[in-house]
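This report concerns only the one structure given below.
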Amino acid sequence: MPPPSPAATPAPAEGSVTRPAVVRVRDLVRTFGEVRALDGVSLDVQPGIVYGLLGPNGAGKTTLIRVLATLLRPQSGSAEVAGVDVLADPTTARTRIGLAGQFAAVDEYLTGRENVAMVGRLYGLSPAEARRRTQDVLERIHLTDAADRQVGTYSGGMRRRLDLAASLVGRPQVMFLDEPTTGIDPRSRMDLWELIEDLVEAGTTVLLTTQYLEEADRLAQRIAVIDQGRIVSEGTADELKDALGGAVLEVAVGEDDRAAATEVLERVGGDPVTRDPARGRLRIPARDGSQTLLAAVRALDDAGVRTSDIALHRPSLDDVFLAVTGKPVEPTPAANAEVDVEDPDATASRAARRGRRPSRRSRG
Amino acid sequence: MSPLPTTSAAGPRSDPVAAPVGRVRVTPRQVVTDTLVLTRRNLLRNVRLPQLLLFSTVQPVMFLLLFNFVFGGAIGQAIPGDYAYIQWLMPGLVIQVATFGAGQTAIGLTEDLSKGVIDRFRSLPMARAAVLTGRTLADLFRNAAVLTIMLAVGFLIGFRYETNLLGFLAGVALALAFGYALSWVMATIGMLVRNPEAAQSAVFLPVFPLVFASSVFLPTQTMPDWLRVFADNQPITVIANALRGLMLGDAALLAGQDTAGQVLESLAWIVGITLLFGGLATRAYRRAVS
Ligand SMILES: Nc1ncnc2c1ncn2[C@@H]1O[C@H](COP(=O)(O)OP(=O)(O)OP(=O)(O)O)[C@@H](O)[C@H]1O
Ligand SMILES: [Mg+2]
């Protein structure tokens, strides 16, 4: 079987899990002109977990979140959140959800406290209740000291926390977080991760999108990999890694041998080769473990390719991602710059991988 | 740190006990509450960034001073009756300020749209309409503040109403009501262009010809016939006339016009524009956000 099953089918049948799904999505389709932003997405999210939606730029993550948060209507399909049909009854659905969009939607000229209290009022709380809960929320996100300062003076990380926390004032059952940690420093990212973990501990279900595998690995109990509007793989992080056949072959070759090595490895491994964006190493799923390794060593030798390193690894989520989408997850801007410097043909080879993707999918 | 049990009972609109299975509906009362919440939010921006208000006041005050002292001498000759130019100019500028001020509605809305604030609002169980009503209402108050400052300067340089306080205040109220109606036009424009930079220029497209091809700065008699027909019948001239009638008396009007008639015609324009563009803005808003 090819790597991670292209699971367009929903997550495990309800029978196998005792608690009913808190988010149920069936066959959602949303197009923008020619672009099929959602191309038949189905998924189930069990209550009380972090569910990660992992996908490259333009995969359809934001579109899915927008449909679930009642901001966008799909052309077809159905979606239910906390037992409410979001298409038929968006107003009721809104009482049970919280949203933190891809960009922090807080008002700079209001204080942190005013921002949260306003959202509380818009959830329908009385002024006194909004005030009380605002205090709770601010304590919870450790923002009491800065609470009465205008948000314009906050750091990026503080804004993100505030943005996320603003919805908590309505005590939503399901929180939708669209790339909650994109563009903030590592330390603030840790803070946000802790906050999200706290949330889930308190019983909220979190559906988050991310381009960071590390984040999905750390936070999400289940992960769906989404690409070009379709869920191409779904499961726990371990399941996704196991589906790769248990191991990944990693080969380091010189610039001159790269093309030849790629050709050989694809013949031996039967999967497209991907390149580790940070180190420029070639990677390919090793379905037969050490047998694949041996075959690769022999074939590379026959072809006269000199390798500086060759090894088997347990796959990372990175490998899962590369295998199912055919492209590396969006590198951080810094990593990106590095790749461009040491590897001028990266763009070309990425484009080449893209070109191969349709055939991969049809095999799956 | 408080436990904040996220699945337990929540507020009126989200309390699983109060609303177990039934649909949650937005009540008219919530429309009012949410409108006021957002009006306050929008106004706070002007309070916290006083430069905003300052700069929007500088422009009309400059118009006032320039027109009065630079053109006043020459234009004064063309004014009907024995009015000093400042007397004629002031009611016109009141309506000009209200008109320009309405442009802020488009700019504020498009800024919220581009920053994702409107997405946040629409994901909340609030009254949808409040995003627009809260914005237009805030801009009404804002317009009133700018107008107050401009009128104060006007009084300093010699403007005096010639009817009575009530007539004067009615004139100001009429101008503000017109500004409010125009806010809905601007909201429609904002929702069509969606982008704050584009909105900046788009709002002036209708405003400039309307303000200048009117009796705001000059009587219309000297305009070419074709322009005069337009100028005499467009709402800004009608309202400028009504304001002159209310602040200066019937003598400031052309033969055959009276204050009551001009006020009624103004009200018809205000109601008509508000209804028409209220509907169009709401539709454009729905489109812009989905
Ligand atoms: N309002 C829109 N109009 C036109 N095309 C759109 C619109 N919204 C999304 N798209 C297109 O739909 C596709 C999916 O977009 P979406 O924003 O859901 O991706 P994403 O996974 O969130 O990407 P990113 O990681 O960059 O945020 C993209 O090709 C995008 O260009
Ligand atoms: Mg996105």
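Labels below follow one simple rule: chain letters A, B, ... track the order of the sequence lines, proteins then strands, and each chain is numbered from 1.
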- Message: Given heavy-atom pairs under 4.5 angstrom as the criterion, report whether the side chain, backbone, both or neither of B:Ile118 touches chain A.
- Response: neither
- Message: A:Asp191 vs A:Arg187, test: salt bridge (charged side-chain N to carboxylate O under 4.0 Å, His left out). Steps then yes/no.
- Response: CA-CA 7 Å; A:Asp191 286 349; A:Arg187 157 107 198 100; 3.5 Å; yes
- Message: Report which part of A:Thr111 has an atom under 4.5 Å of a heavy atom belonging to chain B: side chain, backbone, both, or neither.
- Response: both
- Quiz item: cation-pi between A:Arg133 and A:Tyr123, 6.0 Å / 45°: no
- Where on A:Gln102 is there a heavy atom nearer than 4.5 Å to chain B: the side chain, the backbone, both, or neither? neither
- Can B:Thr105 and B:Asp139 be counted as having a side-chain donor-acceptor contact under 3.5 angstrom? yes
- Under 3.5 Å, is there a donor-acceptor pair between the B:Ser56 and B:Gln104 side chains? no
- Item | Selection from A:Ile97, A:Thr144, A:Asp107, A:Thr70 maximising heavy-atom pairs under 4.5 Å formed with chain B | A:Asp107
- Item | chain B contact via A:Asp163 - side chain, backbone, both or neither, heavy atoms under 4.5 Å | both
- Those residues at least two apart in sequence (or on a different chain) that pass salt bridge (Lys or Arg N to Asp or Glu O under 4.0 Å) with B:Arg40 are none
- Contact origin within A:Ala104 toward chain B - heavy atom pairs under 4.5 Å: backbone
- Message: Would you say A:Asp178 and A:Thr209 are linked by a side-chain donor-acceptor pair, where the criterion is simply a distance under 3.5 Å?
- Response: yes
- Query: Of the backbone (N, CA, C, O) and the side chain (C-beta and beyond), which part of A:Glu108 lies under 4.5 Å from a heavy atom of chain B, both, or neither?
  - Reply: neither
- One option among B:Leu44, B:Leu38, B:Asp112, B:Asp119 has the most heavy-atom pairs under 4.5 Å with chain A, and it is B:Asp119
